[in-house]
Amino acid sequence: MKALRNSKRNLQAFLDGLNPQQRAAVTADEGPVLVIAGAGSGKTRVLTGRAFYLIAEMKVHPAAIAVMTFTNKAAGELQKRLEELLGNRDSVPWAGTFHGFCARLLRQYGDTIGLPRDYSIYDQADSEKVVAELLIERKYSRDEIVPSTMRNWISVLKSGGALSGRHRFHKLAAELVGDYDKRLRSAGAVDFDDLLLLPLELFRVNPEILSKLQHRYDHILIDEFQDTNRIQYNLARAIAAPQNNLYVVGDDDQSIYGWRGADIRNLIDFQRDFKQGQSFSLEQNYRSTQQILDVANDVIAAKNHHNLKQLWTEKTNGEQVVFRQHSRAADEANEVVGEMDALVNRQGMSWSDFAVLLRTNSLSRYFEEVLISQSIPYTIVGGTKFYDRREVKDLTAFLRVLSNPGDEQAWKRILKTPPKGIGEVTIARVVDRCRRTGMSFGEVIADAELLSDASTATRNRLEKLSNALSHIAEHNKQSSLSELAADVLRKSGLIEYYEEKFPEEADDRVANLYQFIEAAKDREAAHPEYSLSDFLSEIALVSDIDDYNEAVNRVTLMTMHAAKGLEFPVVFAAALEDNLLPHSRSSDSIEEIEEERRLFYVAITRAQDRLYLSASETRALNGQLMFQEPSRFLRDIDPSRLKGWTLPREARSMMFEPTEENYHTERPSYRSKSKNNSGLNGASLIPYKIGDIVEHPDFGMGVVTAKSGSLDSLKVRVAFEGVGSKLLALKYATLRKVE
DNA sequence: CATCTCAAGCTTTTT
DNA sequence: GCTTGAGATG
């Protein structure tokens with residue numbers, strides 16, 4: 001009672017702290033609500049406020065609210081904030097990712113659609129392996145089609161998307177989906193797409209489960225709505241029906257997950273599907289200075305669709321945005337770190353005020369090196385996740401098999417690491433037996449004498465493993481999760497294996513294995529009710545941002561994707577070069593390039609006080625030194641907004657007026673750079689292409705095989721007839737192009 | 001039949 | 001600069 005009175009008082013204070021737009025959105029009537037929330041406009045605040053308002057004012061029971069967030073971290077923060085507002089940790093709504101929500105649902109009801117209670121979740125690598133196996137069986141070589149690409153296509157198809165059909169293997173993707181799904185089902189496994197899809201199947205088969213959920217959740221709130229896919233939208237709609245208390249918050253300008261199946265049409269369709277719905281737009285930005293917003297607006301204004309909102313801020317006395325182009329990537333990293341150092345020493349800033357945002361994980365290397373050499377604390381978000389480390393996956397494979405004896409991919413991993421005298425041939429025999437008898441992998445191994453064509457020694461090895469595992473299972477019937485994990489670790493032989501075979505890296509690996517046990521302890525403390533399979537689901541669904549802790553004083557390096565939803569006093573957006581941003585692999589269509597533009601916009605709008613943009617003229621990519629052009633998006637920024645080196649205004653990439661007509665036709669200006677590359681894009685700097693025939697006064701005729709060097713010492717490697725390969729500095733060598 | 005070793009290949013973003 | 005693949009060896 002007292003808590004309620006308190007929370008009512010808190011609510012008033014909370015509402016008073018909002019601007020009129022935010023307040024209107026928070027206190028909207030029930031029913032469908034769409035909130036278009038620009039970058040830094042207090043989106044999280046509104047979402048939290050809405051939940052708070054529903055509970056404190058509309059008397060909605062906290063358990064009747066579900067909040068879908070993009071990451072577990074966002075969910076945790078939202079719950080923490082609500083706890084503070086409500087003053088009661090038990091009265092906080094459920095919050096989590098769609099995937100987490102669905103995993104739980106399937107754990108509970110999956111058996112009604114034939115899914116074992118302890119089903120496994122196949123991660124990217126697992127499902128890629130399944131695809132690779134299917135491709136090998138059909139005699140496709142890696143050179144023809146890469147399994148990861150095929151897996152992505154299959155994923156797009158499964159999550160309701162369509163393939164253009166332009167690629168000759170698009171059709172194959174459609175043919176493989178069925179077999180792929182069958183493989184997973186027979187292993188008692190689901191992939192990330194299934195997690196979302198199977199609940200819909202569940203609802204179809206068991207309408208009463210859906211109706212139970214509909215009664216349980218009166219209100220569904222969705223964050224980052226622009227990055228939901230079709231299936232997620234359908235799920236939310238199904239559960240929110242029939243009252244349709246569906247509250248979605250998003251920003252079309254920040255949609256950066258189209259490649260993963262996110263469908264921006266959800267935002268548009270929401271308005272069409274719920275004509276009676278209310279919509280709000282948050283346009284005041286509380287994060288960035290006007291100088292930063294101007295740059296962001298220039299970048300996004302060059303896109304080709306009408307703006308739903310216009311961002312503004314009261315922070316008008318900010319620093320000018322800086323742009324610098326360096327000649328080498330190492331210089332760029334040095335400059336960036338030097339600037340951080342200056343800000344710390346002269347402005348009293350902290351390392352944790354800085355974020356370096358990059359297009360790809362691998363670009364962090366240079367920055368890391370400099371930070372290490374200067375003993376500056378830093379953290380990398382992303383890259384290889386803890387649970388994706390080899391040794392950790394080795395250990396989880398044992399746990400997965402204990403949880404789900406059908407988990408084929410996990411079995412294969414155990415059989416190989418540590419080596420057990422079981423190889424490809426034996427594995428193929430086991431798999432073959434599974435397919436023909438319908439037995440699970442675990443059952444076949446437990447009955448190894450049935451494998452008549454395997455040698456006695458092999459059969460004995462299989463049986464030994466099988467017995468060891470059942471012994472572990474038996475022995476740990478009463479054990480906690482961490483005790484089980486520790487026992488598995490002891491008996492797996494993994495520690496001995498790494499120490500013997502890889503002594504130089506064993507320390508790290510063994511430390512990680514022990515850290516895994518600690519992680520298990522943490523989980524069981526937080527969730528005493530967790531079963532092994534609950535624990536394994538959680539592991540499968542953690543994102544790398546989830547354990548990012550901004551309170552620690554260290555520089556953050558991360559991808560622009562990972563930075564979504566975060567903010568930093570000072571942002572360094574680096575390596576802003578064509579072929580990286582937009583990425584060469586995302587330059588096949590206008591849609592892809594526009595998504596890259598939005599990614600840049602997201603990166604810019606993470607900055608609160610200062611923004612530094614930088615690029616390098618040269619950069620080693622894929623082990624080759626490349627000449628880099630500044631990102632074409634930089635040309636869309638009014639040069640007067642940038643301090644430092646400026647790009648000529650006339651070179652702006654979007655000189656033409658976008659019209660409905662030319663928007664949908666592909667423009668040659670967009671495609672020219674990335675398409676015809678023979679691996680290099682600095683053609684203007686070195687007047688030779690790889691493969692060109694050149695003549696040298698002393699060495700005679702030769703073929704250009706490589707280009708390298710920094711700007712003042714451009715070099716080409718030329719293979720001369722009879723003389724061999726020579727590295728020539730263009731400055732000195734007199735080369736003549738033949739033909 | 002398994003495993004070791006070296007060469008050749010590849011390298012976006014991620015629940 | 002880091003993982004898959006072929007080939008040799010045990």
Side-chain angles (χ1 to χ4, degrees), chain A residues 68-75 96-103 121-125 127-129 132 136 141-143 146-149 151-152 155 159 190-196 224 227-229 231-232 255-262 357-363 365-366 369 381-385 387-388 390 415-429 453-455 457-458 461 501 537-546 558-564 575 579-587 592 595-596 598-600 602-603 620-625 679:
Chain A
M68 306 295 182
T69 56
F70 197 70
T71 62
N72 296 306
K73 180 173 186 270
T97 62
F98 270 102
H99 289 89
F101 182 88
C102 292
I121 297 174
Y122 273 12
D123 65 12
Q124 176 107 4
S127 70
E128 227 169 273
K129 288 211 179 90
I136 287 167
S141 81
R142 283 192 104 77
D143 307 330
V146 200
S148 60
T149 308
R151 191 214 88 105
N152 282 341
S155 171
S159 45
V190 305
D191 65 11
F192 291 134
D193 299 316
D194 291 324
L195 280 176
L196 304 172
E224 307 281 9
D227 283 324
T228 54
N229 69 25
I231 312 297
Q232 289 168 323
S255 142
I256 53 173
Y257 282 94
W259 53 272
R260 203 175 81 185
L357 304 186
L358 303 160
R359 175 64 239 271
T360 66
N361 281 304
S362 58
L363 287 170
R365 227 193 67 247
Y366 284 110
E369 280 169 12
V381 178
T384 314
K385 288 185 255 178
Y387 294 108
D388 277 346
R390 187 155 55 142
L415 291 171
K416 284 180 204 148
T417 324
K420 294 175 180 58
I422 308 290
E424 292 297 332
V425 177
T426 307
I427 290 177
R429 283 186 182 144
D453 36 5
S455 70
T458 305
R461 290 184 194 126
K501 287 282 161 189
S537 305
E538 198 172 310
I539 286 175
L541 297 175
V542 291
S543 65
D544 34 48
I545 195 78
D546 288 340
M558 66 169 107
T559 63
M560 295 175 176
H561 280 93
K564 185 166 91 154
N579 284 352
L580 282 170
L581 189 80
H583 199 277
S584 53
R585 304 269 290 233
S586 292
S587 303
E592 284 182 341
E595 182 155 305
E596 298 279 304
R598 294 191 294 269
L599 186 58
F600 187 30
V602 167
L621 292 170
N622 312 334
Q624 237 196 335
L625 194 67

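Nucleic acid contact class of A:R461 (heavy atoms, under 4.0 Å, all strands): none. Residue A:T458 is out of contact with every strand shown, counting any heavy-atom pair closer than 4.0 Å. At a threshold of 4.0 angstrom between heavy atoms, the contacts of A:K420 are confined to the sugar-phosphate backbone, with no base atom among them. Heavy atoms of A:K564 sit nowhere under 4.0 angstrom from any nucleic acid atom.
Side-chain contact, A:N152 with A:T149: no donor N or O sits under 3.5 Å from an acceptor N or O.
Shown here are the side chain to side chain donor-acceptor pair (under 3.5 Å) partners of A:S537, two or more places apart in sequence or in another chain: A:R107. Contacts of A:K73 classified as side chain to side chain donor-acceptor pair (under 3.5 Å), with partners at least two apart in sequence or in another chain: A:E77, A:E550. Not counting sequence neighbours, A:S148 has no partner by the side chain to side chain donor-acceptor pair (under 3.5 Å) test. For A:D123, the salt bridge (Lys or Arg N to Asp or Glu O under 4.0 Å) partners at least two apart in sequence or on another chain are A:K393. Evaluation of the ring-ring contact (aromatic ring centres under 6.0 Å, His included) rule for A:Y257 yields A:F70, A:W259, A:H561 as partners, not counting sequence neighbours. Residues passing the ring-ring contact (aromatic ring centres under 6.0 Å, His included) test with A:F600, sequence neighbours excluded: none. Considering only residues two or more places apart in sequence or on other chains, A:A540 meets the side-chain contact (heavy atoms from CB on, under 4.5 Å) condition with A:I121. In terms of the side chain to side chain donor-acceptor pair (under 3.5 Å) criterion, residue partners of A:R359 (sequence neighbours excluded) are, by chain and number, A:E596. Applying the side-chain contact (heavy atoms from CB on, under 4.5 Å) test to A:V381 and every residue at least two apart in sequence or in another chain returns A:D544, A:I545, A:Y548, A:T556, A:M558, A:A562.
Rounded to the nearest Å, the gap between the P atom of C:dT4 and that of B:dT13 is 16 Å.
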Taking only nitrogen or oxygen atoms into account, show me every contact under 3.5 Å that the protein makes with nucleotides 13-15 of chain B, one pair per line with its distance.
{"from": "B:dT13", "atom 1": "OP1", "to": "A:N361", "atom 2": "N", "distance (Å)": "2.8"}
{"from": "B:dT13", "atom 1": "OP1", "to": "A:N361", "atom 2": "ND2", "distance (Å)": "2.9"}
{"from": "B:dT13", "atom 1": "O4'", "to": "A:R359", "atom 2": "NH2", "distance (Å)": "3.1"}
{"from": "B:dT13", "atom 1": "O2", "to": "A:W259", "atom 2": "NE1", "distance (Å)": "3.1"}
{"from": "B:dT13", "atom 1": "O2", "to": "A:R359", "atom 2": "NH2", "distance (Å)": "2.8"}
{"from": "B:dT13", "atom 1": "O2", "to": "A:H561", "atom 2": "NE2", "distance (Å)": "3.3"}
{"from": "B:dT14", "atom 1": "OP1", "to": "A:T559", "atom 2": "OG1", "distance (Å)": "3.3"}
{"from": "B:dT14", "atom 1": "OP2", "to": "A:N361", "atom 2": "ND2", "distance (Å)": "3.4"}
{"from": "B:dT15", "atom 1": "OP1", "to": "A:S543", "atom 2": "OG", "distance (Å)": "3.4"}
{"from": "B:dT15", "atom 1": "OP2", "to": "A:K385", "atom 2": "NZ", "distance (Å)": "3.1"}
{"from": "B:dT15", "atom 1": "O4'", "to": "A:R260", "atom 2": "NH1", "distance (Å)": "3.4"}
{"from": "B:dT15", "atom 1": "O2", "to": "A:H99", "atom 2": "NE2", "distance (Å)": "3.0"}
{"from": "B:dT15", "atom 1": "O4", "to": "A:Q124", "atom 2": "OE1", "distance (Å)": "3.3"}

Report each atom pair, protein N/O against N/O of nucleotides 2-10 of chain C, whose distance is under 3.5 angstrom.
none

Under 3.5 Å, N/O pairs linking protein and nucleotides 5-9 of chain B:
none

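Phosphate proximity of B:dT12 to A:S584: absent, as no side-chain N or O sits under 4.0 Å from OP1 or OP2. Regarding contacts with the backbone of B:dT11, a side-chain N or O of A:R585 is found under 4.0 angstrom from either OP1 or OP2.
Between the CZ atom of A:F600 and the C1' atom of B:dT12 there is a distance of 17 Å, given to the nearest Å.
The closest donor-acceptor contact from the side chain of A:N361 to the backbone of A:T559 lies at 3.5 Å or more, if one exists at all.
Summary of the strand contacts: A:H583 and A:V425 both lie near DNA chain B, and taking for each the nucleotide with the nearest heavy atom, the more 5' one is attributed to A:V425.
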